[in-house]
*Asks:* 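Can you keep this structure in mind? I'll have questions shortly.
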Amino acid sequence: MSIAIIVEGKNDKSRLRRLLTEDIIIVCTFGSLNTDRLEELKKKIGTSDVYLITDNDPSGKKIRAILRDTFPDAEQIYTRRGYAGVEGTPDEYLIQQLEKAGLEEFIIYPPIIPTFEKF
């Protein structure tokens with residue numbers, strides 16, 4: 001099973017790339033979508049399972065709507081309103097959303113730094 005995640009821009013892609021193994025294909029819409037761009041996305045994705053994660057702003061919602069029509073079986077991953085898009089979403093929240101989407105096996109978890117308490 002191959003998996004593709006569609007994001008809006010290269011900063012979103014690099015943000016997710018740090019958190020996901022290379023097994024996951026991450027492709028960008030680079031903003032506006034036209035027929036040629038959608039066909040290019042379809043070719044890149046092929047038969048992969050598709051996940052959509054766009055910004056929680058009017059532009060991101062518009063892009064998500066177009067992608068939802070193009071990839072009706074895609075899983076939806078959301079950022080929280082108030083974050084500066086996907087690229088501005090804290091790692092902890094992105095990891096939480098990726099886990100909700102069932103992608104745990106592909107997540108690169110940050111190392112846990114031990115804390116030392118005084119006795």
Side-chain angles (χ1 to χ4, degrees):
M1 165 178 91
S2 65
I3 295 172
I5 297 178
I6 302 175
V7 296
E8 291 179 65
K10 64 181 180 177
N11 292 335
D12 299 336
K13 180 179 178 175
S14 62
R15 177 76 167 177
L16 285 178
R17 178 51 58 214
R18 290 185 339 198
L19 299 174
L20 294 166
T21 65
E22 294 293 325
D23 301 326
I24 303 285
I25 301 163
I26 304 174
V27 294
C28 302
T29 64
F30 296 113
S32 62
L33 292 169
N34 57 33
T35 306
D36 291 338
R37 185 70 186 128
L38 288 171
E39 287 303 316
E40 185 181 322
L41 286 172
K42 286 182 191 177
K43 281 183 190 175
K44 283 184 179 180
I45 290 167
T47 60
S48 300
D49 291 341
V50 178
Y51 293 76
L52 305 177
I53 182 166
T54 59
D55 297 346
N56 192 359
D57 61 11
S59 175
K61 290 176 182 178
K62 181 179 177 184
I63 290 169
R64 183 184 294 273
I66 294 167
L67 291 171
R68 198 177 353 212
D69 288 344
T70 306
F71 302 99
D73 296 331
E75 293 285 331
Q76 306 293 319
I77 301 173
Y78 295 94
T79 61
R80 189 179 277 167
R81 186 178 305 202
Y83 291 145
V86 174
E87 69 182 89
T89 301
D91 287 350
E92 299 80 26
Y93 189 80
L94 284 173
I95 288 170
Q96 191 177 65
Q97 296 309 302
L98 294 167
E99 288 173 338
K100 279 185 186 177
L103 299 174
E104 301 91 338
E105 68 183 280
F106 303 103
I107 297 172
I108 300 170
Y109 290 93
I112 298 172
I113 301 170
T115 58
F116 298 99
E117 295 182 28
K118 289 185 178 182
F119 290 98

*Asks:* Ignoring hydrogens, what is the shortest heavy-atom contact between Glu87 and Asp12? Give both atom names and the distance.
*Replies:* N-OD1, 3.1 Å
*Asks:* Would you say NZ of Lys61 has more than 12 non-hydrogen atoms from neighbouring residues, nucleotides or ligands within 6.0 angstrom?
*Replies:* yes
*Asks:* Evaluate the side-chain contact (heavy atoms from CB on, under 4.5 Å) criterion for residues Tyr78 and Lys100: first the C-alpha distance (whole Å), next the side-chain angles of each, then the deciding distance (0.1 Å), finally the verdict.
*Replies:* CA-CA 10 Å; Tyr78 295 94; Lys100 279 185 186 177; over 6 Å; no
*Asks:* Distance from Lys62 atom NZ to Asp57 atom CG, nearest 0.5 Å?
*Replies:* 12.0 Å
*Asks:* Give the C-alpha distance, both sets of side-chain angles, the deciding distance and a yes or no for side-chain hydrogen bond (donor to acceptor under 3.5 Å, both in side chains) between Gln76 and Arg68.
*Replies:* CA-CA 9 Å; Gln76 306 293 319; Arg68 198 177 353 212; 4.6 Å; no
*Asks:* Output, in order, the C-alpha distance, side-chain angles, deciding distance and verdict of side-chain contact (heavy atoms from CB on, under 4.5 Å) for Arg17 and Ile26.
*Replies:* CA-CA 8 Å; Arg17 178 51 58 214; Ile26 304 174; 3.4 Å; yes
*Asks:* Hydrophobic cluster membership, with links at side-chain heavy-atom distances under 4.5 Å among I/L/V/M/F/W/Y: are Ile107 and Ile53 in one?
*Replies:* yes
*Asks:* Please examine the side chains of Ile3 and Tyr51, heavy atoms only from C-beta on, and report whether any two atoms are closer than 4.5 Å.
*Replies:* yes
*Asks:* Answer with yes or no whether the hydrophobic clustering places Tyr109 together with Ile24; edges join I, L, V, M, F, W, Y residues whose side-chain heavy atoms lie under 4.5 Å apart.
*Replies:* yes
*Asks:* Could you tell me whether Glu40 and Lys44 have a side-chain N and a carboxylate O separated by less than 4.0 Å?
*Replies:* yes
*Asks:* Which atom pair, heavy atoms only, marks the closest approach of Tyr83 to Gly88?
*Replies:* CB-O, 4.2 Å
*Asks:* Just to verify, what does Phe30 make a ring pair (Phe, Tyr, Trp, His ring centres under 6.0 Å) with, not counting sequence neighbours?
*Replies:* none
*Asks:* Using side-chain contact (heavy atoms from CB on, under 4.5 Å), reason through Thr54 and Val86 one step at a time and then give a plain yes or no.
*Replies:* CA-CA 7 Å; Thr54 59; Val86 174; 5.8 Å; no
*Asks:* Are side-chain heavy atoms of Lys42 and Thr70 found at a separation under 4.5 Å?
*Replies:* yes
*Asks:* Please find the pair of heavy atoms, one from Leu103 and one from Ile5, that lie closest to each other, and give the distance.
*Replies:* CD1-CD1, 4.2 Å
*Asks:* Output the rest of the hydrophobic cluster of Leu38: all Ile, Leu, Val, Met, Phe, Trp and Tyr residues reachable through side-chain heavy-atom contacts under 4.5 Å, sorted by chain and number.
*Replies:* Ile6, Ile25, Val27, Leu33, Leu41, Ile45, Val50, Leu52, Ile63, Ile66, Leu67, Phe71
*Asks:* With a cut-off of 6.0 Å (strictly less than), are more than 12 heavy atoms of other residues, nucleotides or ligands near CZ of Arg81?
*Replies:* no
*Asks:* Any idea which heavy atoms bring Ser48 and Ser2 closest together, and the distance?
*Replies:* OG-OG, 2.7 Å
*Asks:* Could you give the distance from CG (Leu16) to CD1 (Ile95), rounded to the nearest 0.5 Å?
*Replies:* 10.5 Å
*Asks:* Between Asp91 and Arg15, does any NZ, NE, NH1 or NH2 come within less than 4.0 Å of an OD or OE carboxylate oxygen?
*Replies:* yes
*Asks:* For Phe106, check ring pair (Phe, Tyr, Trp, His ring centres under 6.0 Å) against everything at least two apart and list the hits.
*Replies:* none
*Asks:* Quick one about Arg80 and Gln97 (side-chain donor to acceptor, distance below 3.5 Å, no hydrogens or angles considered), yes or no?
*Replies:* no
*Asks:* How far does CZ of Arg37 sit from OG1 of Thr29, to the nearest 0.5 angstrom?
*Replies:* 7.0 Å
